[in-house]
Each structure stands twice: as C-alpha cells, then as structure tokens.
Number of protein chains: 2
Amino acid sequence: MDNREIILGRALELWSQRGYDAVGVQEIVESAGITKPTMYHYFGSKRGLLDALIDERTEDLRNALAPAASYNGDLVATLESIVRGYFAFARENSALYRMLLAFWFAPADSDEYRAVAARNAAQHESLERLFEAAAKQHGNMRGRQKAYAATFLGMINTYAGLALNGHATLDDQLVYRATHQFMHGIFS
Amino acid sequence: MDNREIILGRALELWSQRGYDAVGVQEIVESAGITKPTMYHYFGSKRGLLDALIDERTEDLRNALAPAASYNGDLVATLESIVRGYFAFARENSALYRMLLAFWFAPADSDEYRAVAARNAAQHESLERLFEAAAKQHGNMRGRQKAYAATFLGMINTYAGLALNGHATLDDQLVYRATHQFMHGIFS
DNA sequence: CGGCCAGTATACCGAACGGTATAGCGCGGC
DNA sequence: GCCGCGCTATACCGTTCGGTATACTGGCCG
C-alpha cells in the first residue's frame, strides 16, 4: 500500500474516532509513519485531505441512490433497495459512516460542512425527485417531497447510528422493517 | 446582564455557528468584552463553560419529555405534546438547538459527546419507557422500544434541522403531520 | 477603620496548530 | 553518465491553543 492510501486510512480512522478539528495533521502523519511534507505533497492541505477522503470513498454511497433515478412505480421496492444500499455501505465502511454522521449537522461555517455540502445536496435532490415522481401515483404526498426526503434519510442515519453503537444490526430484516415503518408507521 | 451570562451567550452564539473545537477561549472572551481569567473564574475550563451552557439552558427541553412520564394510554396525544415541546424549544432557542444537533452524532471520544451524553441517555430512556408502556396496548410494537425511541427523536431532529435551514416551520400543523407520519407512515 | 473575598486585568506559559523552505533520495529516460 | 522528477525528510515559520501566576479593585461585614 502506498503512502497516499496509508494517509487516507489513518486520517479516516482518527477523524471518525475523535473528530476533524480535534485531530491535527501532525498526529495523522505520525500515525501513518511519514512526515508532513509527504501529506502536503499529496493533498495540499488538511482540508484537501478531507475532500479527497470523501470524494474517493463515497462512490458506493452515490450508487446506493441509483434506484431513485430509475423509479418504475413501485415505491416500496425502490425505497427498500435504497435502504439496503445505505445499510450495506454503513456496514462495510463503518468508520467512514461514523464520520459522515458527525458531519451531518455540522455548522454551516465549518470545513466539515463544506466538505459534504455538495454530496448531501445531491442526495436530497435525488430523493426529492423520487418522491415527486411517486406523488403522481399518491396524490396525498404532494408538496412534501422535501420533508419526505429529509425524514427518509434521517431514518436511515438514525438506524445506522444505532448500529454503530451496537444497538441494531443492519440486515435485511431491518431493511424491511425500516422501509415499512417509513411507509406505514409504527403500528404495523 | 452580568459577565457570566454574557460569556454564556457569546459562547453559544459562536459555537453554534462554527463548532466547539473551531472557536477558542480567546475569541469567546474578546467577543464578550472581557479577558480570560474572568471566564476561568466562572467556569474553570473551556469544557466547564460548555457543561454550564448545556446544563443551564436545556431545562425546558427536559420538561418537554414530561408527557412521556405521565402516559395515560393515549399514545398519539402523548407523542404530539412531546413533539410540540421540542418544536417550541427549537423555535425559541434556535442557536442552542443548532449546537445540540451538531453534537448529536459527535465522536464518542470528544468533549462534545461527553457534554451531552447523560442528557441524551436520559432522553432515550424516557422515550423507551413510554414505548414500553404503550406496547402493552399495542402488542405488535414489543421489543422495538429502542428503535422507536431513536427514530422518534431522529424525526424530531430532522424536522428541527429543516426548520433551522428555512425549509420548514415548526408550527402546530407540523406537530400534527410529524406525529401522524411517525404513527401511520407517509401515506395518510 | 481593617480585613476579606468575588471579580477582573496584565502578562505570561509550554505545547500544538497548519503550513513551508530547502535539500536529498532513488529511479526512468536520454 | 547524468538529468529531471516524483517523493520524502529535517528543520523551521508565525500563530493560536488552553490555561495560569500575580496583582489590583471595589464593596460588604465586622
């Protein structure tokens, strides 16, 4: 493994455990067994390292929203496959998802927010378009695409957070339950 | 207003805008028009300032969970009054709620997490007991108290986050809609 | 009056912050 | 053989970090 990948891996590990601001460049390069100029050669700045980390390691998460774009009228199946994609990603990239969760409501005037703002906006738009399309079949949903996109993602993140703390398991059963809860509430 | 209150107010303002780690003691005391020893006289440390801020300004939020403790069999009404309490608090203490949201998924090994850990645990326990009690009437809920407590709070926070960014209004209509969505899903 | 004490300021501490100037290394191409 | 270049280290920059030693002030209590 080359130094670039080692740096990315160590930064991810440390930031997910203690936060972006709390872990400095010095500690990351020490943990990676290299020195600062090497890190600055590859990434240019601390912020550049964060951007690279997020850009390069969230591709699978972008793909998880593909079902939203190819909605075919079966809303439950579409939502289920999105939840399945997110849960799989969170399972296989737990440190990264932990960090993304911490950035979820980061202050607007912070590097963390700026690093994920575009990604999050794209996620929301994709889901809003899905609920917009679904509203044509289900008239009573109209006008609430934004709220549904946000609460759908919020539910996914809530369950992911539970799982990261050992209070849930992101398996197919939870995919079904979560989707069913979102569609029909907690009574059924 | 005495210096102690001024310090609390300025710390809240700055932290909610840019994050706890990103704003240092020096900037807070300058913004408050005093010097560091004054702040250290009242709060002992940066962390002590954070603890005091959270302890002293979240009393109304603790009260918002009172309906959970006096559950009388009407789950919808209980949840509605809890949501109403949270929404009112978020409306009237927007900067504080912004900060609490940023701390929601803070790394476990961070001052932010430690500052809100006890509060959040108490919140969850209170809600879990509520859903536990409700499960006696609604058998199909059994065993999911933890998940319901988490997703209920998650939905509240998601809507609060939307409102803080101008995408929603935390009024009685949204109280009704949010509760109804949690109970019966997005279809009705 | 005298003493105490809460509150505040000046000036400072060592450590860590993000970032860089400079120089050397090894390796592929000419 | 040597030039260029990608990569890496030593050593350093100015600034800010959280925190403090010391001293002064004003007001209250005896």
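First the proteins, then the strands, lettered A, B, ... as listed; each starts at 1.
Residues of residues 13-29 of chain A that place a heavy atom closer than 4.0 Å to DNA chain C, in numerical order, are Gly24(A), Val25(A), Gln26(A). Proximity of residues 43-56 of chain B to DNA chain C (heavy atom under 4.0 angstrom from any strand atom) is not detected for any residue.
Annotation for Tyr71(A): atom OH counts as buried by contact number, over 12 foreign heavy atoms lying within 6.0 Å. With a 6.0 Å radius and a threshold of 12 heavy atoms from other residues, nucleotides or ligands, Tyr40(B) has its OH atom above the threshold.
What you find for Val23(A) and Trp15(A) is that their closest heavy atoms are O-NE1, 3.4 Å. A pairwise comparison of heavy atoms in Met39(A) and Ile7(A) identifies CA-CD1, 3.9 Å as the closest pair. For Thr158(A) against Gly154(B), the heavy-atom pair with the smallest separation is OG1-CA, 3.8 Å.
Aromatic ring orientation, Phe131(A) versus Phe182(A): tilted (interplanar angle from 30° to 60°).
For dT10(D), neither phosphate oxygen OP1 nor OP2 lies less than 4.0 angstrom from any side-chain nitrogen or oxygen of Thr35(A).
For Ile34(A) and dT10(D), the CD1 to P distance is 12 Å, given to the nearest whole Å. Note: CD1 (Ile7(A)) to C1' (dA9(D)) measures 13 Å, nearest angstrom. What separates CE of Met39(B) from C1' of dC17(D) is a distance of 13 Å, to the nearest Å. Rounded to whole Å, the distance from CD1 on Ile6(A) to C1' on dT8(D) is 13 Å.
A side-chain donor-acceptor contact under 3.5 Å links Thr78(B) to the backbone of Asp74(B).
The 5' end of DNA chain C is approached more closely, in terms of each residue's nearest nucleotide, by Lys36(B) than by the other of Lys36(B) and Tyr40(A).
Within the structure, salt bridge (Lys or Arg N to Asp or Glu O under 4.0 Å) pairs that include any residue of residues 36-54 of chain A comprise Arg47(A)-Asp51(A), Arg47(A)-Asp111(A) (at least two apart or interchain). For residues 2-16 of chain A, the salt bridge (Lys or Arg N to Asp or Glu O under 4.0 Å) pairs, not counting sequence neighbours, are Arg4(A)-Glu56(A), Glu5(A)-Arg57(A). A salt bridge (Lys or Arg N to Asp or Glu O under 4.0 Å) check over residues 154-172 of chain A, counting only residues at least two apart or in different chains, returns the pairs Arg84(A)-Asp172(A).
Under 3.5 Å, the side chains of Gln123(A) and Arg119(A) contain a donor-acceptor pair of N or O atoms.
Taking 4.0 Å as the cutoff to heavy atoms of chain A, we find the contact window on DNA chain C bounded by dC17(C) to dA21(C).
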